[in-house]
Amino acid sequence: MGIWILNGQTVAADNTVTKKHFYIENDKIAQVVDAVDGSLPDTSGHEVIDAAGKLVAPGFIDMHVHLREPGFEHKENIATGTRSAARGGFTTIACMPNTRPVIDTVDTVNYILDKAATEGVVRVLPYGCITKNELGRELTDFAALKEAGVIGYTDDGVGVQSAQMMKDAMALAASMGMPIIAHCEDNTLVEGAPVTDGAFAKKHGLKGIPNESEAIHVGRDVLLAEATGVHYHVCHVSTEQSVRLIRHAKQFGIKVTAEVCPHHLVLSDEDIPGMDANWKMNPPLRTPRDVEAVIEALEDGTIDIIVTDHAPHSEEEKEKGMHLAPFGILGFETAFPLLYTKFVKTGKWTLGFLINRMTQKPAEVFGLPYGTLAEGSAADLTIVDLDTEREVLKEEIVSRSKNTPFIGWKLQGWPVVTMASGKVVWS
Ligand SMILES: NC(=O)N[C@@H](CC(=O)O)C(=O)O
Ligand SMILES: [Zn+2]
């Protein structure tokens, strides 16, 4: 017995809309049929999901998430994090290694893959650390980590401060055909600042995080990527200066790709209502000029993909206030509705563009066989109700943490069924 998904609207990257039926058998899309003139396939003996009037998209892919396990299970674990992902329509997620211990050994990679297989509901792809303990002093065993199943190397949460260390990492990764994923931040420029250097910092007398703290690493690293030939991927781009450097590097033929988060596309520092740490994340919300720059960069292909940087922290931790609370906000459950409401509903982007940057494009950038609804591919699908407006309610958040600035926002574009590897994991 299989599952028929009937009469869903699909939308291609060029925004062509087609109505289709999908037959799911085991963990694969076994058959895709054009739904012409109300024709229906023979569904007898099979389960049926009626997708009429709904969008059927490839399961969303999120290449930057924090699942917090092992070590910070009071914030999130693989079971709760993957369920939160499923509610957001994500079926493949790549988890960052800033756990405790960090993902710098084969044992920790195995631990995560085992947990994901037994307790997770969506596909989890781990990154391994660039340096041992993310301390920036000594490279990890790249070959052993690759063998264990990591999809790239990153010290996310902290920037690799030494240019020589980064160059060595890139040379080694390049020799193995693996990417380097960089959290770009020069520590000497950011000490103790909780928000960006902008209007909010000025108003509250706070030290600001300057744009250069991010862009200096981007500039350094595109040169190192050129020298080593590595695939270099920039995490959570937030500044106009970084955009400029990436655009220039791409024009020059350097193998650089980049990601942006929904909050950096939708919010600026001028939206921060007060000293509330649910508005504190790294990189911080930047100025309206930076927001314009990252939007334009995503539109013109300078920035390749959208990621959430899902970064759960407990309420006790966030209640420590703007100065002491850790950086980070939730991402999974509001990402698509936020972007759909802000950019597609208003006619700024096509639906096809948004879907592409959350599915096919991330798959392309990281060489993954997902993000497609083609026959024979993994049965990862997200069915979305584009019409019903709903409020973001704290009590409905599936993540173990609740740290989001979007509570109370009224949004459209809610995933109603998420299927991962042929199983319904959210409805
Ligand atoms: N983005 C954040 O504000 N925080 C992340 C770390 C990171 O992605 O840099 C976290 O681990 O909490
Ligand atoms: Zn980061």
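Worth saying up front: this structure is predicted, and the values here are computed from it rather than measured. Computation of the quantities below employed the complete heavy-atom set of this structure, encompassing side-chain atoms and omitting hydrogens, waters and symmetry-equivalent molecules. Start at 1 and go down the list; that is how both ligands and their atoms are numbered. When a residue number appears, it is its place in the shown sequence, counting from 1.
C235 lies apart from the Zn ion (ligand 2) in this respect, since none of its N, O or S atoms is found at a distance under 2.8 Å.
The distance criterion of under 3.5 Å between nitrogen or oxygen atoms is met by F327 with respect to ligand 1. Residue G328 has at least one N or O atom closer than 3.5 Å to an N or O atom of ligand 1.
Those atoms of ligand 1 with a heavy atom of M281 less than 4.0 angstrom away are 3 (O). Close contacts between ligand 1 and H313 involve ligand atoms 12 (O) [criterion: under 4.0 Å to a heavy atom]. Interface atoms of ligand 1 facing H236, defined by a heavy-atom separation under 4.0 Å, are 8 (O), 9 (O). Close contacts of ligand 1 with D309, meaning ligand atoms under 4.0 Å from a residue heavy atom, involve 1 (N), 2 (C), 8 (O).
Here the straight-line distance linking atom CG of D380 with atom OH of Y370 works out to 7.5 Å at 0.5 Å rounding. To the nearest 0.5 angstrom, H64 atom NE2 is 10.5 Å from I305 atom CD1.
Using a non-hydrogen distance threshold of 4.0 Å, H64 registers as a contact of ligand 1. For the pair R68 and ligand 1, a heavy-atom separation below 4.0 Å is found. Note on ligand 1: G157 sits in its first shell, one or more heavy atoms being nearer than 4.0 Å.
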### Message
Let's go through R289 and E240 carefully: what are the C-alpha distance in whole Å and the side-chain angles of both, what is the deciding distance for salt bridge (Lys or Arg N to Asp or Glu O under 4.0 Å) to 0.1 Å, and is it a yes or a no?
### Response
CA-CA 7 Å; R289 177 189 146 120; E240 186 269 329; 3.1 Å; yes
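Looking only at its N/O/S atoms, H183 has ND1 as the one nearest to the Zn ion (ligand 2). Among heteroatoms of the N, O or S kind in D156, OD1 lies nearest the Zn ion (ligand 2).
Remark: K348 is not positioned above the aromatic ring of F343, lacking an NZ or CZ atom under 6.0 angstrom from the ring centre and at most 45 degrees off the axis.
Using cut-offs of 30° and 60° on the angle between ring planes, the pair F332 and F90 is tilted.
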